[in-house]
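Letters go in sequence order (proteins before strands), and every chain restarts at 1. Because the structure is predicted, anything quoted here is derived from the model rather than measured.
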Amino acid sequence: MRLIVLVKQTLTTEARIALNDSGGIEDAKIKKVVNPYDEFAVEEAVQLREKGVAEHVTVVTVGPESAVEASRHCLAMGADEAVRIDDSEIESTDSFSVAEVLGAALKGMEFDLLLAGQVAVDDNASQVAVRVAEILGLPQINVVSKIELGEGEVTASREADGQTEVLTAKLPALVTTDKGINKPRYPTLPNIMKAKKKPLTIKSLSDLGIAAPTPKVKVVAHTLRPAKQGAKIFAGTPAEAAAQLAEALRNEAKVI
Amino acid sequence: MSQDVFVFIEAQHDAIRPVANQVVGVARSIAEARGGKVVGLLIGAGLEGLSSDAASIGVDRLAVVDHAALATYSAESYTTAVVGALEQQGGGPLFFGNTSIGKDIGPRIAHRLGQGMVSDVVAIEQADDKPRFRRPIYAGKAFCTVEVQEAEYVVSIRANSFPAAEAAASPAEVVPVEVNLDPATFKVQVKEVIERDAGQVDLTEADVIVSGGMGVKGPEGFEMLKPLAEVLGAAVGASRAAVLADFIHPSHQVGQTGKTVSPNLYIACGISGAVQHQAGMSTSKCIVAINTDADAPIFEIADYGIVGDAAEVVPALTEQLKKLLA
Ligand SMILES: Cc1cc2nc3c(=O)[nH]c(=O)nc-3n(C[C@H](O)[C@H](O)[C@H](O)COP(=O)(O)OP(=O)(O)OC[C@H]3O[C@@H](n4cnc5c(N)ncnc54)[C@H](O)[C@@H]3O)c2cc1C
């Protein structure tokens, strides 16, 4: 069985977000990581291979040259092969465009299970993987914390609003991973060294035989969350503080 | 192409979810700018009762796909049903709640239609011409404004970010729509659905949430939160750490891997306010933090705070609110 994992490089979740002179997100000095939810997907894939359920794990990334760090990290975690599709020709990396590019790349690849994180911590959109599944006609099971691979099918349960759903999908299928499914390993030094010898292919859009997709949506502005004045702190005994708080909720904030 | 705007009307436990009323309100502002009507899409099986409810939530027309194969939700069948109904009704922008169903099928529908999608919208910045929507990014630390480039697109909105539409004076016209669905071709089977909390306020739709973290110390701590939640008519939330420590069921978790909530009032008791927790609640209108550590990050996004032991402050607050709200 062959597995493909979609991986995006993001800023670390803890990053302090600021705007640059052109109004974009300033990312120059911020640590970049593999999107944590994609890391769960990579770990799951590597574990499936270690258990002998799968033979081969390929990680596919759309990103700039610096995203090679993300590919390397996944190889050091145990993936067998990495593909980076260079995004410099893509005008705007909206979810539609990235999915079209990934769809074109995956059409030429053989696989049984496609894995990805349920969300990227930067854009919070949860769109790309599902769009890729649609392009390739794959069934999907989203936001899962347990996967069971069977003969030609995958079973997983997903937490939905007010209910848990247990679903079985025919392979090839897409499964997106949530936190709790596993604990991603830290790459060890020997594995980091080994990763350097693993195949890492860079592809351009012309290698994939496609033109840059026309974006369907465009980001026109960024704003920071307005800084709060600092919380108004109520002091005194618990009863005194609670009385002032109750009063403020009623008459100042008017929320009760 | 019509000027009409479409709304996916989500139901749960045989009732229209409150978020659907908010989605209708958003669709109404877009429809007014386009000079079109608001068309509701109701999908499921055995929908006689629900149709009459849905016809009265402020839509101009209600298209209903009632099919035995839609008795249990699945992304596969619902995508086909929504796309079929949308196309038969003339097509146009489609609005969802950013619920687990909206997240599951929104992108799939958008791509089947070759369209863009804006997820988790919290504000409309421009309704006419090329609409612009604001949405949180980087766990709520920033927002971006997204402009759609084409006349048809998909949008999902965060619950409690917009007011509900006004109910209709008289029910809208109900149009049955036939969509071809053959379960034999389905690639996904729903093995089991474990329902929870029927009858309780869904966390994502609650106006007030009382939430507990490691600082409430145990399941008893959540028992202590219940009377407070009761006086306020609130739902109970939790941090992931509290869920992992088995203080409370995972369905209460708020955050990046839990529920995204945006209530009028969020009271965080013994929660440090990690980024991943904030991702799920930072757009709440009023945030209260009760924490022994004055430097806990939750105070940075709180409007009001009490530095103190939750075990003392929570019962005191419950008492005060009982008096005030009596
Ligand atoms: C990929 C990923 C996803 C995650 N997703 C989520 C998510 O969805 N939701 C989520 O919540 N977390 C999530 N987390 C975990 C998150 O990082 C934090 O670990 C978690 O939110 C901490 O929970 P807490 O605030 O209850 O516990 P702690 O961080 O241990 O904080 C406890 C707080 O209680 C205070 N306290 C202690 N005693 C008292 C007392 N007697 N009275 C009052 N206050 C007291 C302390 O000062 C402290 O601030 C995620 C983490 C990762 C890596």
Side-chain angles (χ1 to χ4, degrees), chain A residues 11 13-14 17 25 94-96 99 119 121-127 130-131 133-135 139-140 142 155 159-170 178-180 215-225 228 231-234 238-239 241-243 245-246 248-250 253 255-256, chain B residues 12 75-76 99-100 103-104 107-108 111-112 115-120 132 136-150 187-197 202 204 232 257 264-265 275 285-286 289 299 301-308 312-313 316-317 320-321 324:
Chain A
L11 303 186
T13 309
E14 279 71 29
I17 300 299
I25 300 293
D94 73 331
S95 302
F96 172 85
V119 67
V121 297
D122 51 0
D123 72 14
N124 169 46
S126 295
Q127 287 191 32
V130 173
R131 284 176 178 271
E134 174 63 24
I135 294 170
Q140 68 190 44
N142 279 324
T155 300
E159 282 301 310
D161 294 347
Q163 63 189 37
T164 306
E165 301 163 2
V166 185
L167 307 173
T168 297
K170 287 196 185 127
D178 199 10
K179 185 170 167 64
K216 303 285 180 182
V217 303
K218 278 185 185 164
V219 173
V220 292
H222 288 100
T223 42
L224 294 180
R225 176 171 64 209
K228 293 221 166 159
K232 194 185 243 188
I233 304 287
F234 301 107
L245 171 59
L249 292 175
R250 180 80 190 245
V255 285
I256 56 170
Chain B
Q12 192 173 39
E76 194 173 24
T99 59
S100 34
K103 282 185 202 163
D104 204 32
R108 198 131 196 158
H111 216 90
R112 191 163 300 177
Q115 293 176 4
M117 173 171 176
V118 192
S119 314
D120 203 17
R132 290 183 171 190
I137 51 175
Y138 294 100
K141 286 183 266 193
F143 294 87
C144 65
T145 301
V146 178
E147 182 182 83
V148 299
Q149 303 298 304
E150 294 173 354
K187 292 177 180 167
V188 177
Q189 277 193 338
V190 182
K191 284 268 141 112
E192 197 183 350
V193 176
I194 307 148
E195 292 202 11
R196 281 184 310 265
D197 305 348
D202 189 273
T204 53
L232 291 167
T257 44
N264 280 325
L265 174 59
V275 185
K285 274 91 193 163
C286 179
F299 284 113
I301 60 159
D303 300 278
Y304 300 113
I306 295 180
V307 179
E312 292 176 7
V313 176
L317 183 60
Q320 295 298 334
L321 287 169
L324 198 66

TODO: Indicate the atoms forming the closest heavy-atom contact of A:S126 with B:P107, along with that distance.
DONE: O-CG, 3.6 Å
Open item on the list: I'd like to verify something: which residue of A:V119, A:L224, A:T155 has the highest number of heavy-atom pairs under 4.5 Å with chain B?
Closed with: A:L224
Task: Contact leader toward chain B among A:I233, A:L249, A:T168, where contacts are heavy-atom pairs under 4.5 Å - done: A:T168
Task: Max heavy-atom pair count under 4.5 Å with chain B, selected residue of A:E14, A:E165, A:K170, A:K218 - done: A:K218
Open item on the list: Which one wins on heavy-atom pair count under 4.5 Å against chain B: A:L11, A:I256, A:I25?
Closed with: A:I25
- [ ] Among B:V190, B:D104, B:V193, single out the residue with the greatest number of heavy-atom pairs under 4.5 Å to chain A.
- [x] B:D104
TODO: For chain A, find which of B:I137, B:T145, B:L317 contributes the most heavy-atom pairs closer than 4.5 angstrom.
DONE: B:T145
Open item on the list: Do A:D94 and A:Q127 pair up side chain to side chain, a donor and an acceptor below 3.5 Å, judged on atom types alone?
Closed with: no
Task: Note, B:Q149 side chain near A:K216 side chain (heavy atom, < 4.5 Å) - done: no
Task: Largest heavy-atom contact set with chain B, pairs under 4.5 Å, which of A:D161, A:V130, A:N142 - done: A:D161
Task: CZ on A:R131 to CZ on B:R112, rounded to 0.5 Å - done: 12.5 Å
Task: Donor-acceptor contact below 3.5 Å, side chain A:N124 vs main chain B:P136 - done: yes
Open item on the list: Is any side-chain heavy atom of A:E159 closer than 4.5 Å to one of A:D178?
Closed with: no
TODO: Tell me, for A:D122 versus chain B, whether the close heavy atoms (under 4.5 Å) come from the side chain, the backbone, both or neither.
DONE: both
Open item on the list: I need the residue from B:I306, B:V148, B:N264 with the largest number of non-hydrogen atom pairs under 4.5 Å to chain A.
Closed with: B:I306
Open item on the list: For chain A, which candidate among B:Q12, B:K103, B:K285, B:E76 shows the most heavy-atom pairs at distances under 4.5 Å?
Closed with: B:Q12
Task: Top of B:R108, B:Q320, B:E150 for chain A proximity - count of heavy-atom pairs under 4.5 angstrom - done: B:R108
- [ ] Would you check if B:T99 and B:T204 make a side-chain contact, meaning some heavy-atom pair closer than 4.5 Å?
- [x] no
- [ ] Please determine, among A:H222, A:E134, A:R250, A:Q163, the option with the most heavy-atom pairs under 4.5 Å with chain B.
- [x] A:E134
TODO: Ignoring hydrogens and angles, tell me if any N or O in the side chain of A:K228 forms a donor-acceptor pair with the backbone of B:I301 under 3.5 Å.
DONE: yes
Task: Heavy-atom proximity to chain B below 4.5 Å, by part of A:S95 - done: neither
TODO: Measure the spacing between CE of B:M117 and CZ of A:F96 and express it to the nearest 0.5 Å.
DONE: 14.5 Å
Open item on the list: Quick check for you: among B:C144, B:G308, B:A139, B:A289, which has the greatest number of heavy-atom pairs under 4.5 Å with chain A?
Closed with: B:C144
